[in-house]
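These notes are about the structure you will find just below.
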Amino acid sequence: MAKKLLLEYDHVPGISTLDVYRRHGGYASLNKALKDLTPAQVLEEVKTSGLRGRGGAGFPTGMKWGFLARPEGVPRYLVCNADESEPGTFKDRYLMERIPHLLIEGMVLSSYALGANTSYIYIRGEYYYVARILERAIAEAYEAGLLGKNIFNSGFDHDCYVHVGAGAYICGEETALLESLEGKRGNPRIKPPFPAVAGLYGCPTVVNNVETIAAVVPIVRDGGAAYAGIGVGKSTGTKLISASGHINRPGVYEIELGVPVEEFIFSDLYCGGMRNGKKLKAVVAGGSSVPVLPADLILKTAAGEPRLMTYESLADGGFASGTMLGSGGFIVMDEDTSIVKNLWNFTRFYHHESCGQCSPCREGTGWMEKILHKILDGHGTLADVDLLWDIQSKIEGKTICPLGDAAAWPVASAIRHFRKEFEEYVTRPASIRDVKHYYRLHSMAEA
Amino acid sequence: MPDYPVTVPHMSERTEYQFSPETLETARRIIQRYPEGKQKSALIPLLHLAQAEFDGWLSPGAMDYVASLLGLQPIEAYEVASFYSMFNLKPVGTCVLEVCRTSSCWLMGAEDVVRHIEKKLGITAGQTTSDGMFTLKTVECLGSCGTAPMLQCGADFYENLTLEKVDSLIDKLKSDGRRKVYTRDEPITI
Ligand SMILES: Cc1cc2nc3c(=O)[nH]c(=O)nc-3n(C[C@H](O)[C@H](O)[C@H](O)COP(=O)(O)O)c2cc1C
Ligand code: SF4
Ligand code: FES
């Protein structure tokens with residue numbers, strides 16, 4: 001059985017309460033850090049661990065923390081990104097709902113390393129009931145002296161608050177999140193300055209994903225070197241994968257980075273194989289934003305090596321034949337899935353979620369949605385497929401925030417790997433038209 | 001013509017906006033979470049409270065009231081409320097059914113769920129039933145993809161939906177007749 005660092009006790013009854021959490025070793029890491037380690041030593045352990053951001057970009061956490069500006073007399077903030085809106089991703093919700101104290105312990109630990117006396121957990125508004133669970137846990141932690149003044153008699157003070165958003169995918173982008181937390185529309189900021197220098201209220205700020213912050217707890221407990229000993233190469237430790245789609249066992253799995261993709265899909269420890277004995281057609285491995293790969297390329301790299309669940313292996317081959325680990329939102333599609341229709345669904349999503357600041361993203365996502373709608377409706381032409389390609393290439397890399405790229409990559413990869421299917425749609429429209437079809441598209445697009 | 005039934009009392013605009021003492025206390029506690037001078041941060045949480053307390057939607061009057069509590073210009077509340085999909089800027093039914101229409105839910109049959117509800121309630125997505133009981137919305141991924149298809153009503157998630165489950169949910173909501181809000185009815189505890 002694979003080693004679990006985050007979800008070891010997720011099925012223990014009452015683990016969401018402070019009492020049970022502490023009986024399973026909870027807050028021992030915090031105790032250890034506040035008693036025996038300086039903030040600099042905690043930061044060192046995180047650097048040694050090789051932990052990389054679990055929110056999508058995979059940036060080394062220790063390095064990010066190292067960039068935090070420390071001017072005298074200016075408060076520093078830690079903000080937890082619990083916006084989790086990337087389609088296909090639901091691991092943070094699971095972690096917060098089951099083991100809220102793991103996140104809270106991680107918040108205090110990380111804040112100690114960063115010298116932050118205040119932290120916020122920005123949680124998407126739709127998770128209101130999860131916000132309640134966190135608030136209950138925070139109240140327990142205050143009661144027990146694990147939050148507030150002079151925690152464990154260390155002289156370290158810390159306040160942690162939950163802040164609910166109100167429905168906007170873009171608020172997962174860290175600068176949009178900070179804008180939203182300041183009570184504004186979620187328009188991403190132009191960088192630089194980076195949040196490490198000017199973040200929340202213009203103060204130095206670290207933004208980290210829920211899972212990243214939770215991972216600091218086992219890192220401090222076992223030491224950074226032990227964490228780095230798990231995984232393959234620069235993909236250290238464990239990762240939560242949200243598995244969904246046409247599989248037998250959808251759900252959240254904590255894997256040691258390095259599990260072969262084939263094992264992840266077909267083993268009964270994880271996805272348990274394809275539903276209804278269907279064949280695997282394609283996988284979106286890291287949340288809706290990453291390139292889709294056909295079955296042969298997700299199981300093996302272009303060079304024929306088995307593909308592993310690591311940042312490097314999934315990216316092997318670049319965008320020509322690879323993808324990304326992203327947020328770990330693993331969406332599996334069977335042989336009956338229409339790639340074109342699925343792409344329309346994604347593109348509609350990005351159009352809906354574009355904040356509208358940059359024209360390539362605002363207009364481009366709308367055009368791509370329209371063209372895909374036209375193709376699905378049986379009125380597409382071969383030139384439309386080329387036009388789609390052209391539009392996506394004019395969005396990528398030309399926008400304020402990476403949502404533009406995230407909208408372009410699914411389109412590029414779908415055309416790259418499934419061009420035949422697009423051609424089928426435009427050359428034999430009668431074969432794909434069905435009467436209810438238009439009606440359905442309309443309802444699914446209703447705001 | 002508005003696309004909602006104007007004759008239903010909770011769907012017409014109120015004349016008075018005033019939080020109950022308990023909600024006001026909750027609002028005060030929320031405002032204290034942010035540093036001196038940064039009370040604007042409390043805008044979204046307070047708009048949630050207003051939406052829950054004032055019939056499930058944010059009328060201009062409700063937004064003006066929230067802005068006044070925070071010492072903001074009304075426009076600051078309007079521009080924020082109009083950005084976020086959870087805020088309803090026009091009246092909604094007592095229960096808002098929000099069906100996820102994104103990737104995994106779509107792969108697992110969200111279209112059938114939407115179609116079924118549309119037929120059952122005699123409305124299309126975006127509309128409200130003439131008795132003011134249900135509004136049907138389609139929304140983006142709600143972080144429940146492993147238990148797809150799903151819908152949210154108030155704070156509650158209804159997962160692994162089948163058409164039978166949808167039927168019994170709608171029947172139950174109808175017989176309860178209670179407003180479902182994101183914030184649930186209990187006040188926030190800290
Ligand atoms: C459009 C967009 C949406 C994002 N959504 C999320 C999200 O929901 N959760 C998250 O942790 N990071 C999200 N990110 C990444 C964040 O900007 C940021 O990189 C991350 O929170 C940093 O934390 P980490 O280093 O711990 O991963 C998103 C980025 C973009 C561009
Ligand atoms: S890329 Fe899109 S979402 Fe990002 S800032 Fe520009 S318009 Fe907004
Ligand atoms: S796709 Fe429906 S909840 Fe994620």
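Numbered from 1 within each chain, the chains take letters A, B, ... in sequence-line order.
Per-residue counts of heavy-atom pairs under 4.5 Å with chain A were compared for B:S41, B:C141, B:A42; the largest is that of B:S41. Heavy-atom pairs under 4.5 Å with chain B were tallied for A:G167, A:S288, A:A166; the largest tally goes to A:A166. The choice from A:G356, A:P87, A:P250 that makes the most heavy-atom pairs within less than 4.5 Å of chain B is A:P87. Looking only at heavy-atom pairs under 4.5 Å with chain A, the residue among B:V99, B:L70, B:L43, B:I44 that has the most is B:I44. The choice from A:I331, A:D334, A:V130 that makes the most heavy-atom pairs within less than 4.5 Å of chain B is A:I331.
No more than 12 heavy atoms of other residues, nucleotides or ligands lie within 6.0 Å of CD in A:E143, so this atom counts as exposed by the packing criterion.
Panel note: side chain A:E86, backbone A:T89; no donor-acceptor pair is recorded below 3.5 Å. At least one donor-acceptor pair closer than 3.5 Å links the side chain of A:R249 to the backbone N or O of A:Y270.
The part of A:R93 that comes within reach of chain B is its side chain, from C-beta onward, which places non-hydrogen atoms under 4.5 angstrom from that chain. For a residue to count as touching a neighbouring chain, one of its non-hydrogen atoms must lie under 4.5 Å from one of that chain's; by this rule B:Q152 touches chain A with the side chain only. Looking at A:Y169, neither its backbone nor its side chain comes within 4.5 Å of chain B, counting heavy atoms on both sides. A:V252 does not touch chain B: none of its heavy atoms, backbone or side chain, sits under 4.5 Å away. Heavy atoms of A:Y77 lying under 4.5 Å from chain B belong exclusively to its side chain. Looking at A:R124, only its side chain comes within 4.5 Å of chain B, counting heavy atoms on both sides. Interface residue A:F346: only side-chain heavy atoms are found under 4.5 Å from chain B. Heavy atoms closer than 4.5 Å to chain A are found in both the backbone and the side chain of B:Y34. If you measure heavy-atom distances from A:I247 to chain B, you find no contacts under 4.5 Å at all. Both the backbone and the side chain of A:S180 come within contact range of chain B, each with at least one heavy atom under 4.5 Å from a heavy atom of that chain.
Of the candidates B:R178, B:M133, B:K180, B:M133 is the only one forming a side chain to side chain contact (heavy atoms under 4.5 Å, CB included) with B:T94. A salt bridge (charged side-chain N to carboxylate O under 4.0 Å, His left out) with A:D336 holds for exactly one of A:K341, A:K278, A:R275; it is A:K278.
At a threshold of 4.0 Å, the pair A:E353-A:R348 does not count as salt-bridged, since none of the basic side-chain nitrogens sits closer than that to a carboxylate oxygen.
A centroid separation of less than 6.0 Å is found between the aromatic rings of B:F19 and B:F54. Aromatic pair A:H163/A:Y122: ring centres closer than 6.0 Å.
Atom NZ of A:K281 sits about 11.0 Å away from atom NE2 of A:H246, to the nearest 0.5 Å.
A cation-pi arrangement is absent between A:R132 and A:Y129, since the terminal nitrogen or guanidinium carbon is not both under 6.0 Å from the aromatic centre and inside a 45° cone about the axis.
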